[in-house]
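Report on one structure; see the data block that follows.
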Amino acid sequence: MARMNMVQALNSAMDVMLARDPRVVILGEDVGYFGGVFRATEGLQRKHGEHRVFDTPISEGGIIAAAIGMGVNGLKPVAEIQFADYIYPGFDQVVSELARLRYRTAGEFTAPVTIRTPCGGGIRGGQTHSQSPEAIFTHVSGIKVVMPSNPYDAKGLLISAIEGEDPVVFFEPKRIYNGPFDGDPHKPAVPWSTHPQGEVPEGHFTVPLSKAAIVRPGTVATILTYGTMVHVSEAAVRLAGIDAEIIDVRTMAPLDIDTVCTSVCRTGRCVVVHEATLFGGYGAELVARVQEHCFWNLEAPIQRVGGWDTPYPHAFEWEYFPGPARVAAALTKVMEAS
Amino acid sequence: MARMNMVQALNSAMDVMLARDPRVVILGEDVGYFGGVFRATEGLQRKHGEHRVFDTPISEGGIIAAAIGMGVNGLKPVAEIQFADYIYPGFDQVVSELARLRYRTAGEFTAPVTIRTPCGGGIRGGQTHSQSPEAIFTHVSGIKVVMPSNPYDAKGLLISAIEGEDPVVFFEPKRIYNGPFDGDPHKPAVPWSTHPQGEVPEGHFTVPLSKAAIVRPGTVATILTYGTMVHVSEAAVRLAGIDAEIIDVRTMAPLDIDTVCTSVCRTGRCVVVHEATLFGGYGAELVARVQEHCFWNLEAPIQRVGGWDTPYPHAFEWEYFPGPARVAAALTKVMEAS
Amino acid sequence: MTPRSRLHVPSPPARPGQEPDFSYLALSAPGAAHRPEVTVAAADTENLSKELVRVLGDDHVAVGPWNPHLEPPELQVGLRHMLLTRLFDDRMQRIQRQGRISFYIKSTGEEAVAVAAGMALQPGDMLFPSYRQQGLQVVRGRNLVDLMCQCLSNTHDMCKGRQMPIMYHWGSGNIFSISGNLATQYPQAVGWAMAAAIKGEDHIAASWIGEGSSAEADFHHAMTFAAVYQAPVILNLVNNQWAISTFQGVAGGERRTFAQRGPGYGIPGIRVDGNDFLAVYAVTEWAAQRARQGVGPTLIEHVTYRAAAHSTSDDPSRYRPKEEWKAWPLGDPIARLKGHLIALGEWSEERHARLEKELEVQVNASWKEAESYGTLSGGPALDPLTMFEDVFKDMPQHLVQQREEMRALLEAGTIDVSPVPLAQKA
Amino acid sequence: MTPRSRLHVPSPPARPGQEPDFSYLALSAPGAAHRPEVTVAAADTENLSKELVRVLGDDHVAVGPWNPHLEPPELQVGLRHMLLTRLFDDRMQRIQRQGRISFYIKSTGEEAVAVAAGMALQPGDMLFPSYRQQGLQVVRGRNLVDLMCQCLSNTHDMCKGRQMPIMYHWGSGNIFSISGNLATQYPQAVGWAMAAAIKGEDHIAASWIGEGSSAEADFHHAMTFAAVYQAPVILNLVNNQWAISTFQGVAGGERRTFAQRGPGYGIPGIRVDGNDFLAVYAVTEWAAQRARQGVGPTLIEHVTYRAAAHSTSDDPSRYRPKEEWKAWPLGDPIARLKGHLIALGEWSEERHARLEKELEVQVNASWKEAESYGTLSGGPALDPLTMFEDVFKDMPQHLVQQREEMRALLEAGTIDVSPVPLAQKA
Ligand SMILES: Cc1ncc(C[n+]2csc(CCOP(=O)(O)OP(=O)(O)O)c2C)c(N)n1
Ligand SMILES: Cc1ncc(C[n+]2csc(CCOP(=O)(O)OP(=O)(O)O)c2C)c(N)n1
Ligand SMILES: [Mg+2]
Ligand SMILES: [Mg+2]
């Protein structure tokens with residue numbers, strides 16, 4: 001098995017799919033000759049040709065619209081939006097068109113488009129290079145929303161997304177492109193090569209969509225989270241010394257509610273963690289479902305930890321980031337309540 | 001006091017503000033000479049001049065961007081987006097610009113723009129004339145999100161929105177433009193003239209933002225809702241024969257959490273109702289906050305009622321619409337649980 | 001505050017009660033516009049976007065280099081398609097007025113834009129229309145019953161009741177789904193054409209938007225992507241002078257033609273008399289050849305007039321002179337083609353009347369059949385549980401649950417599914 | 001699958017290792033472009049968008065109808081501003097390389113675009129720049145310390161630490177806030193200008209975007225609204241040949257100049273040598289007069305070259321020849337203005353060297369002062385609790401609560417707020 005960081009794993013997923021399926025094409029800003037500002041498409045144009053992997057004008061709306069048209073004409077476009085913060089100019093095409101085409105044509109037309117986009121903070125990117133807008137997509141019927149937390153899942157989930165027949169918005173937490181990050185920026189960076197989930201098969205394999213993963217079994221509480229926050233939650237569990245189960249939701253929509261609720265009903269306590277702003281965030285949906293399904297098992301109010309309800313401030317990145325201290329505090333709080 | 005339907009009340013609010021404040025301007029598709037496809041701006045151009053009230057190109061992104069620039073230059077633009085379903089092409093300007101301008105300039109630049117837009121179903125508009133996308137805005141820090149449920153509030157809230165210094169997305173539930181609607185399309189339409197909240201002062205008055213209203217006091221459960229669903233909830237209470245308190249949230253963001261939680265903590269049971277699709281809807285945020293604040297008072301899991309998680313289907317409008325039967329069923333369910 | 005204002009707010013030449021005035025239109029004489037080779041460089045096509053390609057003169061004679069020299073049988077087919085489109089529209093509008101469908105949009109006066117273009121394209125070419133090109137469906141032989149069933153949201157509706165009337169699609173006919181959101185189909189058509197180019201296939205794409213809709217971002221996206229990748233696509237811009245209540249000046253037509261946007265992007269822009277069947281046919285054929293030969297995209301501005309109300313929800317007498325259509329200098333496309341055929345000796349008033357009757361019968365029979373598959377107020381009905389299908393390829397758990405919840409409500413009779421009379425649309 | 005593909009994928013004339021090649025640029029001779037009256041109708045300005053307005057020739061002589069005939073002192077001020085801009089850029093880049101700020105963007109080679117335009121406008125005119133017009137701040141007399149403090153996110157940062165470096169704003173200097181989202185400022189500038197027109201005020205707006213960004217929807221919105229309302233605005237499009245790794249052809253520049261977009265909308269488009277201080281000054285003055293007199297908007301394409309990397313996160317040697325700038329036919333704006341002044345006998349190498357030293361001292365002193373207000377790694381620090389302010393005018397309850405939560409964490413020492421060394425930016 002090869003060792004890959006997350007960028008290499010994503011690159012490998014696209015490489016494998018370009019080779020296996022002539023319908024797959026890659027498009028986006030700077031993804032062609034240059035290989036993408038995060039290098040996710042490095043070498044793919046040289047290897048597969050400029051008709052399979054090509055640069056686009058700087059127009060997120062145009063990229064997504066063109067991808068839809070290409071999807072309608074039998075291709076499987078994988079579009080990169082350079083930062084999740086820049087997906088909004090293409091939002092109308094996602095919501096009004098991509099999400100609804102199958103529905104409004106009763107299945108006669110479909111556009112199996114995968115939109116990859118780096119999200120999240122922690123790279124000093126300020127308010128326009130740090131956002132986590134997943135909640136805005138999970139509310140849209142007809143779109144699958146995915147966020148991996150490690151190279152293995154990144155490759156397996158991306159291949160599943162590309163192979164599927166439904167549109168997918170695939171968020172990539174860029175803070176963990178190079179290595180897992182436990183939320184403490186003072187510690188030296190850890191590369192994926194030292195992490196078991198940095199072991200990634202070279203060839204084709206899949207990780208199913210809409211299937212959550214229990215990344216840390218535990219008994220007294222459940223943490224529901226995804227992306228970078230999976231690693232932060234692991235650190236928080238160590239910090240708090242509480243034997244919490246950590247569930248990596250992986251696909252936010254459609255959600256694997258069974259894995260989530262089975263755990264919470266068993267542990268009786270729950271903390272929901274994401275990096276996105278709290279108000280109206282995806283965490284609210286998790287809370288709403290969990291309290292409905294596990295009400296009689298809950299020993300304490302479900303706690304949410306998320307970004308503060310402000311834009312992501314450049315100078316206060318680490319005060320803003322919901323790090324292990326805040327997650328541990330929430331964990332302690334659910335344990336104390338009764 | 002005059003009797004007004006909701007369209008007339010909105011028209012009156014704009015008329016009053018155009019007369020009081022020379023900074024107020026109205027722009028949007030068909031709002032000028034024609035007076036708007038829903039007649040909300042009827043007569044305003046003739047009365048206040050074509051430099052205060054004017055038609056725009058069909059470009060929601062351009063409308064909102066231009067309104068921002070006008071706001072920066074000291075005007076108070078009120079922009080109409082013809083249907084909430086068509087706000088997405090302007091979404092980037094709302095999220096990336098309007099919502100953040102004050103923040104990113106530390107208050108040096110602001111754009112006090114009010115965006116009015118009709119939302120909701122019930123007029124056979126199908127999937128592109130029926131949406132309720134409020135949740136997509138409530139997640140955006142820096143935007144106020146409002147939805148009135150009657151003519152009096154419509155006028156008072158719209159004046160507050162225009163007079164305020166913050167950007168507001170003002171959703172107008174078009175199904176109740178002409179009269180309250182209790183969710184039963186088989187009943188003859190009721191005009192606002194027969195309803196106490198159809199009494200609206202001609203002149204200037206305000207209804208404060210971020211202040212919920214108890215529209216029906218009750219003792220055994222609390223229904224949290226807004227817009228058309230306020231009236232549907234009233235019908236549901238009658239249908240179920242359960243003495244539930246009904247709270248009209250009115251401003252979804254920033255939320256008046258005190259009024260909401262005081263009620264639920266007292267009644268111990270809660271149903272959250274909105275017309276928007278359920279998954280990731282605004283109701284999730286209400287549930288998340290209520291379960292946190294009122295956990296020890298809750299006697300049953302909070303129930304949510306919303307639109308099914310599909311686009312709004314033209315033929316099945318009334319099967320889709322979360323009518324009194326579904327709300328009553330949820331109410332019965334929270335009462336039975338224990 | 002306003003007296004010193006220097007904001008230019010465009011206003012139309014005439015409002016209700018005033019004389020219609022089309023003096024703002026620059027009209028070339030029939031036959032006057034030149035016709036370059038299809039391989040012409042975009043930079044050399046500037047004049048095309050200022051002139052007006054016209055073939056049929058008031059004397060009913062076809063003249064000039066753009067004359068497509070169609071055989072009479074082909075012209076007769078075109079006439080039939082346009083007439084059928086108009087009769088279909090008229091009938092559907094009446095049906096809407098009777099409260100039997102919720103909404104309708106006519107294409108009256110603009111039939112040539114869709115019909116002639118449709119005839120000049122190949123069946124494998126993919127069409128991305130807006131809501132006012134029902135003529136394309138007619139050209140491609142769509143059974144009217146299918147269109148009616150869509151408008152009825154009944155058991156034979158190809159949309160399974162999910163779309164408002166007129167939002168048709170036709171997979172096997174290569175006509176894309178009509179969207180309620182303006183202009184979104186324009187860059188999608190370009191993407192489709194890019195895919196054809198990537199695959200090395202010969203089919204091209206064509207799309208239509210209104211002049212009002214050209215202010216949307218998607219117009220710019222389409223033009224940019226088409227120009228950059230030289231996509232095999234025809235971008236039609238239907239300038240019917242009105243966008244609901246706003247005249248074409250509000251969309252940016254006061255100082256330049258819409259065709260002139262083309263050269264700005266490095267795309268040939270052609271301005272054509274949209275009410276001249278022969279001219280529309282000819283420019284479409286030219287643009288199609290161009291695209292098919294890999295020379296690149298073309299923007300075509302069809303100068304026409306929206307003779308009907310915007311939709312059945314609209315009352316144009318509030319914002320434009322009632323008699324404006326009568327003053328429209330480019331006439332009625334049906335009358336003009338009919339006049340041409342008569343002048344050629346290939347048609348007569350009698351044949352026309354006979355055709356009209358024949359088509360009326362067809363429309364009537366179609367409506368009868370369509371109604372038999374259900375109406376909003378009775379007859380066979382779609383199963384509401386189907387509304388949970390096709391959100392995704394496979395129904396996810398939460399939708400299965402919602403469907404079961406709905407099934408229980410239906411079985412318990414808790415939800416009243418009896419037909420609801422149409423509410424007054426705002 | 002690909003062999004038969006006919007998708008045109010634009011590629012630049014030269015990649016790393018190849019000879020730079022600017023033969024694609026159409027260059028007019030200095031003095032050759034004609035200069036119409038400012039009241040010219042948009043339709044009559046087509047040639048302006050194809051020619052290249054140049055004033056300064058290789059012989060350092062100013063020629064032709066566009067010569068703005070500036071007095072030597074004014075030229076010397078322009079030179080000083082451009083030089084200061086360049087030295088500031090160089091210094092900030094070094095500071096970034098030392099890990100003392102997180103990010104920087106240089107404008108090297110494009111200084112005339114901002115400086116000459118800024119000088120031709122009035123102080124009350126409102127500027128909506130992109131991130132590469134720091135020259136505007138210099139022209140308007142911004143204290144460099146303010147700019148540096150913004151880049152440092154320190155206690156004197158006008159953004160209170162909320163924005164990445166270079167996202168300046170200046171209320172009292174009439175320079176709008178720079179956005180990280182490309183092109184959004186373009187239609188906002190038009191809105192600002194519309195408001196000026198509504199109020200009957202004389203100030204105009206000016207905005208700048210890159211040629212790459214012109215593919216965004218907001219370009220189209222700006223052009224459409226500016227044309228429709230004849231807004232008093234100057235829309236500058238800075239064609240510096242590159243948008244990160246993609247050359248101007250990917251943005252649609254292969255078949256037409258970007259200036260030619262203007263006439264497509266009914267807006268005059270002028271193509272100007274962006275490295276010619278005099279030419280940029282002259283066309284800006286022309287466009288400003290036009291706007292101020294209520295004649296309408298102007299699109300100006302500045303033909304220039306992005307000499308530096310896109311930003312400190314970028315390495316251009318991966319995608320273009322290292323020596324490309326040396327081959328750039330329009331030279332260096334600073335060297336050219338300097339040569340002109342020397343030719344006029346109003347400047348010398350010695351004075352230039354002295355000026356350079358003086359400005360270096362100014363930059364150094366500014367940096368010293370700026371650092372004293374705090375850096376990312378030490379010194380006085382902004383209060384993190386301020387991050388909850390200015391989301392709304394008045395802080396709503398939920399933010400008050402979050403601020404108190406944060407305050408408690410800080411007081412308990414639970415959150416480590418010690419400076420974090422800059423992470424390797426991707
Ligand atoms: C994104 C969006 N904005 C607004 C509307 C509402 N609307 C429907 S049709 C129309 C006018 C379109 O005019 P035009 O493009 O000229 O087409 P025409 O109706 O003349 O054929 C408007 C504003 C919409 N459907 N979608
Ligand atoms: C909406 C949006 N999309 C993408 C980006 C990422 N991005 C930043 S700068 C840039 C290139 C812009 O090129 P150009 O407009 O030519 O300006 P230049 O850098 O050459 O001055 C890109 C793609 C962004 N900031 N915003
Ligand atoms: Mg029109
Ligand atoms: Mg550039």
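Order of the sequence lines sets the chain letters (A, B, ...), proteins ahead of strands, with each chain counted from 1.
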Tell me whether A/Lys211 is salt-bridged to A/Asp256, with the criterion being a basic N under 4.0 Å from an acidic carboxylate O.
yes
Among A/Gly107, A/Pro167, A/Gly142, A/Pro254, single out the residue with the greatest number of heavy-atom pairs under 4.5 Å to chain C.
A/Gly142
Is C/Val190 close to chain A through its backbone or its side chain, or both, or neither, when contacts mean heavy atoms under 4.5 Å?
neither
Most heavy-atom pairs under 4.5 Å with chain C, out of A/Ala106, A/Gly164, A/Ala253, belong to A/Ala106
Is it the side chain or the backbone of A/Thr56 that comes within 4.5 Å of chain C heavy atoms, both, or neither?
both
Is a donor from one side chain sitting under 3.5 angstrom from an acceptor on the other, for C/Asp218 and A/Gln93?
yes
Let's test your reading of the structure: which of C/Ala189, C/Ala193, C/Cys159, C/Ala195 forms the most heavy-atom pairs below 4.5 Å with chain A?
C/Ala195
Spacing of A/Met147 atom CE and A/Asp248 atom CG [to the nearest 0.5 Å]
10.0 Å
Counting only heavy atoms closer than 4.5 Å, note whether C/Tyr168 contacts chain A via side chain, backbone, both or neither.
neither
Okay, C/Met126 and chain A: the region with an atom under 4.5 Å from a heavy atom over there is side chain
Measuring heavy-atom distances to chain A, does C/Ala196 have an atom under 4.5 Å in its side chain, in its backbone, in both, or in neither?
both
Choice from C/Gln163, C/Lys160, C/Gln185 maximising heavy atom contacts with chain A below 4.5 Å:
C/Gln163
So what's closer than 4.5 Å to chain C heavy atoms on A/Ile143: side chain, backbone, both or neither?
backbone
Salt bridge between A/Glu165 and A/Lys144, side-chain N to carboxylate O under 4.0 Å?
no
Among the options A/Val25, A/Leu101, A/Thr110, pick out the one with the most heavy-atom pairs lying under 4.5 Å from chain C.
A/Leu101
Quiz question: by atom type and distance under 3.5 Å, do the side chains of A/Glu134 and A/Tyr226 form a donor-acceptor pair?
yes
Does A/Asp153 pair with A/Arg250 as a salt bridge, N-O distance under 4.0 Å?
yes
Quick check on the interface: out of A/Ala111, A/Pro57, A/Ser59, who has the most heavy-atom pairs with chain C under 4.5 Å?
A/Pro57
Backbone of C/His220 reached by a side-chain donor or acceptor of C/Tyr265 within 3.5 Å
no
Ring center gap for A/Phe54 and C/Tyr229 short of 6.0 angstrom:
yes
Options A/Asp258, A/Leu27, A/Asp92, ranked by heavy-atom pairs under 4.5 Å with chain C, top entry:
A/Asp258
From the list A/Thr105, A/Val72, A/Ile68, the residue making the most non-hydrogen contacts under 4.5 Å with chain C is A/Thr105
Which one wins on heavy-atom pair count under 4.5 Å against chain A: C/Ala205, C/Ser179, C/Pro396?
C/Ser179
Looking only at heavy atoms and a cut-off of under 4.5 Å, which of C/Thr386, C/Asp157, C/Thr184 has the most pairs with chain A?
C/Thr184
